[in-house]
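As a basis for the values below, the full set of heavy atoms in this structure was taken, side chains included, without hydrogen atoms, waters or symmetry mates. Residue numbering restarts at 1 for every chain, and letters A, B, ... go by the order of the sequence lines.
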Amino acid sequence: MIKITFPDGNVKEYDKGVTALEIAQSISHRLAEEVLAASVNGQTVDLARPIDEDAELKLYKWDDAEGKHAFWHSSSHLMAEAIEALYPGTKFGIGPAIENGFYYDIDLGDDRHLTDVDLPKIEQKMMELARSKETYKRSEVSKDEALRYFAQKGDEYKVELITDLEDGTISFYNQGNFTDLCRGPHLPDTTQIKAIKLLSIAGAYWRGDEKRKQLTRVYGITFPKQKMLDDYLKMLEEAKLRDHRKLGRELELFMFSQNVGQGLPMWLPKGAKLRERLENFLKKVQKEYGYEQVLTPHIGQKELYVTSGHYEKYGKDSFRPIKTPQEGEEFMLKPMNCPHHCEMYKFKPRSYKDLPVRYAEFGTVYRYEQSGELHGLTRVRGFTQDDAHIFCRPDQLKEEFIKVIEIIFRIFNALDFKDFIAQVSLRDPENKDKYIGSDENWEKAEAAIIEAAAQKGLNTVVELGEAAFYGPKLDFMVRDAIGRKWQLGTIQVDYNLPERFELDYTGSDNQKHRPVMIHRAPFGSMERFVAVLLEHTAGKFPLWLTPDQVVVMPISEKFNDYAKKVVDYLNNCDIRTLIDDRNEKIGKKIRDNELKRIPYLLIVGEKEEESQSVSVRKQGEGDKGAMPMEEFAGLIQDEVNRQMSSL
RNA sequence: GCCACUUUAGCUCAGCGGUAGAGCAGCUCACUCGUAAUGAGCAGGUCGUGGGUUCAAAUCCCAUGAGUGGCUCCA
């Protein structure tokens, strides 16, 4: 007999060799149906794996990440089996579970390829196989055996994977006619997989290396219930309604033009207003924190980027230098603002008493992103960073870092952004040569970031080896409507540029010292930020941000003049107002989406004209009755002030 | 850049070898009408662009621009 300890501390005795599934069955029939994987002494294993010694046991169901993982990983094998059955001779790369579903990288051979129309066929085959209750059987094999199996099968990808593995750690899983190299764990059998949807096909380089062969990646998702799949697909549909590209067009915020060029967004009047408001807000906050606004040109001499090192690193993949009539003279569109700001730092000798110097600029930069990577406003070729560079003494680093975190908090709070991930990127301790700067400085900077984040109560994820070569950083990521992660705010410590531009200051010891530089952009870029803001708010902005807060609608064209008078009055009070001239005609109903997003609608007609008043409707609150114009102006100003003061 | 798909009216899409279609938006008229849908009528497109095949191309083929989902990349 062995003792099994459950998470609640209960201990029960079972026969040696009992499986987690049998234990679940002994507890309840229902549990046995729902359980997907188990953890034995902290190791996630198959339910069918015999347990031979006393153990702590945890059973994973759908709601546990481990349960979903086993489910989707098993689904991935099922898909591979279906593909092998339909397309014999297919070679398989890797097929893991991912955040939402799974994929498998496959190689169908040179003359075959998969398209969307093939997906239902594969789905059907998968359903067929799933219903036949195939069991997932684990077997441990020697490296030789494993290599022989896949060499004989002709699958060079698996052979390559096995070659890198250590003998004695290799296991196979088999279900039906399909055997795969896999660590597991898997479901006991395929019957729990009840709903299947293959979502898309994409190319993916073998082992993520663009020099190697591109395999076909098939993405899919499965569920234990059809309803769960229906709900998931519905959720994806709803997310599409919040897509910033759709909202941007509907709200007339921004546009792209084939004639202007790929990835070059243009801000329409309303979008420009929105952006202006965001910029003013940030300027106000930054002013409180001692930043000074600067302005720099959009181009700089090529030599500037040779000095900064960016030319060497990115020059060939960038917009080409601009030539002038002057032989040998070349300018580049600026891909970042730092070199310009460094030159400004060098404008005059700096004393330790002058530091920190904080230069802020809404700097428009141009980067030649790969065409396939462009995406709406989140990945573009010309964009405006809410950039600033802080030049400070090493001993000021932590304090400056804290202040930047505070600014980011102010912004995220003001816009009600709660769902973000803060990632601290440190250098790879195994590979210190990759980075510039002394050990001492790196240690100081990394400690400063970690301490600053902790001091501000920020929950961070620490990633080793993710630091830039010039310094560690703290990034803020948010998810878009369909759950993709985008980096917004970033704070980066830089030892490289002060060195390259030979920046210095005179210390109290009358010696020259190198300042440390912090790059920071709380929004990241105006474009990406607006995109994410749109998706988070579904276009319903707070009042202080709304490009047109008030729409005045005359009930018939008889009252157009009065409506214009109302608009003039409100505009004079600095209330952004729009007349809905599409509704001049009698009987016309408002059916424009846009009106749903405007906080206030004023309806004016005969009664209102007589009493110099407006009939007020507030979004979400309905009819507020008629009131004199002055009163309405006061009301809306109060509301905006209240919102602004809480920022 | 790579893989796959898409590209037809302002928007959403149908048509897939035989003279360009719908709904919504727009315009005109009628309705004293009130926050996602009044009615009738009108107007909107060399079917992304350039070649080719064919008696005939939106439709088939090639090239190219742009978009989408991924991969790679991301200062």
Side-chain angles (χ1 to χ4, degrees), chain A residues 93 98 103 105 107-108 113-119 199-219 236 240 243 245-246 249-250 252 255-264 305 308-315 317-318 334-339 365-376 378-381 385 387 468-471 473 475 482 484 486-487 490 492 494 496-497 519 521 524-525 528 551 553-556 558 580 582-583 585-596 598 601 603-606 615 617-619 622-623:
Chain A
I98 52 177
Y103 67 79
D105 284 346
D107 179 0
L108 289 152
H113 67 275
L114 224 49
T115 65
D116 293 344
V117 295
D118 300 313
L119 296 180
L199 298 162
S200 65
I201 295 175
Y205 298 105
W206 172 234
R207 301 200 128 179
D209 183 345
E210 68 179 310
K211 286 179 196 72
R212 305 196 61 176
K213 181 154 183 172
Q214 189 161 45
L215 307 181
T216 305
R217 178 169 296 179
V218 185
Y219 284 91
L236 284 186
K240 276 191 203 153
D243 190 311
R245 292 164 299 190
K246 179 179 156 67
R249 186 173 50 235
E250 282 174 3
E252 297 185 7
M255 64 168 286
F256 291 88
S257 154
Q258 252 194 63
N259 297 324
V260 172
Q262 241 185 327
L264 298 170
Y305 303 100
S308 72
H310 293 110
Y311 186 78
E312 191 193 355
K313 203 161 188 297
Y314 301 103
D317 301 318
S318 209
K334 68 175 171 188
M336 76 289 297
N337 306 299
C338 348
V365 298
Y366 297 90
R367 299 176 184 180
Y368 192 77
E369 304 294 356
Q370 294 190 69
S371 61
E373 187 53 38
L374 299 172
H375 177 92
T378 49
R379 197 72 197 269
V380 290
R381 284 181 170 169
Q385 295 179 309
D387 211 358
F469 73 93
Y470 50 75
K473 58 181 184 165
D475 294 324
I482 63 168
R484 280 178 297 220
W486 293 99
Q487 182 197 311
T490 180
Q492 310 183 354
D494 188 348
N496 179 39
L497 286 182
H519 309 252
S525 83
R528 186 176 286 180
V551 166
M553 188 182 109
I555 65 169
S556 80
K558 267 196 281 182
D580 186 2
R582 293 163 304 186
N583 282 272
K585 298 293 175 278
I586 298 166
K588 194 131 249 191
K589 301 213 170 175
I590 298 170
R591 358 182 143 129
D592 201 347
N593 254 327
E594 176 196 339
L595 283 184
K596 296 232 147 195
I598 285 165
L601 176 63
I603 295 150
V604 294
E606 197 169 5
S615 289
R617 277 156 189 275
K618 190 179 177 200
Q619 191 195 103
D623 215 322

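A gap of 33 Å separates the C1' atoms of G10(B) and G52(B), to the nearest Å.
The distance between atom CG of Leu114(A) and atom P of G69(B), rounded to the nearest whole Å, is 20 Å. Separating the CG atom of Leu119(A) from the P atom of G70(B) is a distance of 15 Å, rounded to the nearest angstrom. Atom-to-atom, CZ of Arg379(A) to C1' of G1(B) comes out at 13 Å; the value is rounded to the nearest Å. When rounded to the nearest whole Å, the span between CG of Leu374(A) and C1' of G70(B) equals 14 Å. Distance Glu312(A) CD to A75(B) P: 16 Å, rounded to the nearest Å. At whole-Å resolution of the value, CG in Leu199(A) and P in A4(B) are 19 Å apart. We find that CD of Glu369(A) is positioned 13 Å from P of G67(B), with the value rounded to whole Å. For the pair Gln370(A) CD and C2(B) P, the interatomic distance rounds to 10 Å; values are reported in whole Å.
Nucleic acid contact class of Gly372(A) (heavy atoms, under 4.0 Å, all strands): base. Residue Gln258(A) is classed as a base contact, given a heavy-atom separation below 4.0 Å to a base. Counting any heavy atom pair closer than 4.0 Å across all strands shown, Arg207(A) reaches no nucleic acid atom. Residue-level contact check: His375(A) touches the backbone only, with heavy atoms under 4.0 Å from sugar-phosphate atoms and none from bases.
A salt bridge links Asp243(A) to Arg245(A): at least one charged side-chain nitrogen sits closer than 4.0 Å to a carboxylate oxygen.
Within the structure, every side-chain polar atom (N or O) of Ser200(A) is placed at least 4.0 Å from both OP1 and OP2 of G70(B). Between Arg249(A) and U12(B), a side-chain N or O to OP1/OP2 separation shorter than 4.0 Å is present.
Pairing partner, C5(B): G67(B), with both Watson-Crick or wobble hydrogen-bond distances short of 3.5 Å. Across every strand in view, A43(B) sits unpaired, with no contact that passes the Watson-Crick or G-U test at under 3.5 angstrom.
In this structure, the nucleotide among C2(B), C74(B), A75(B) sitting nearest to the side chain of Met336(A) is A75(B).
In this structure, Arg381(A) satisfies the cation-pi test against Tyr368(A), with its NZ or CZ atom closer than 6.0 Å to the six-membered ring centre and inside 45 degrees of the ring normal.
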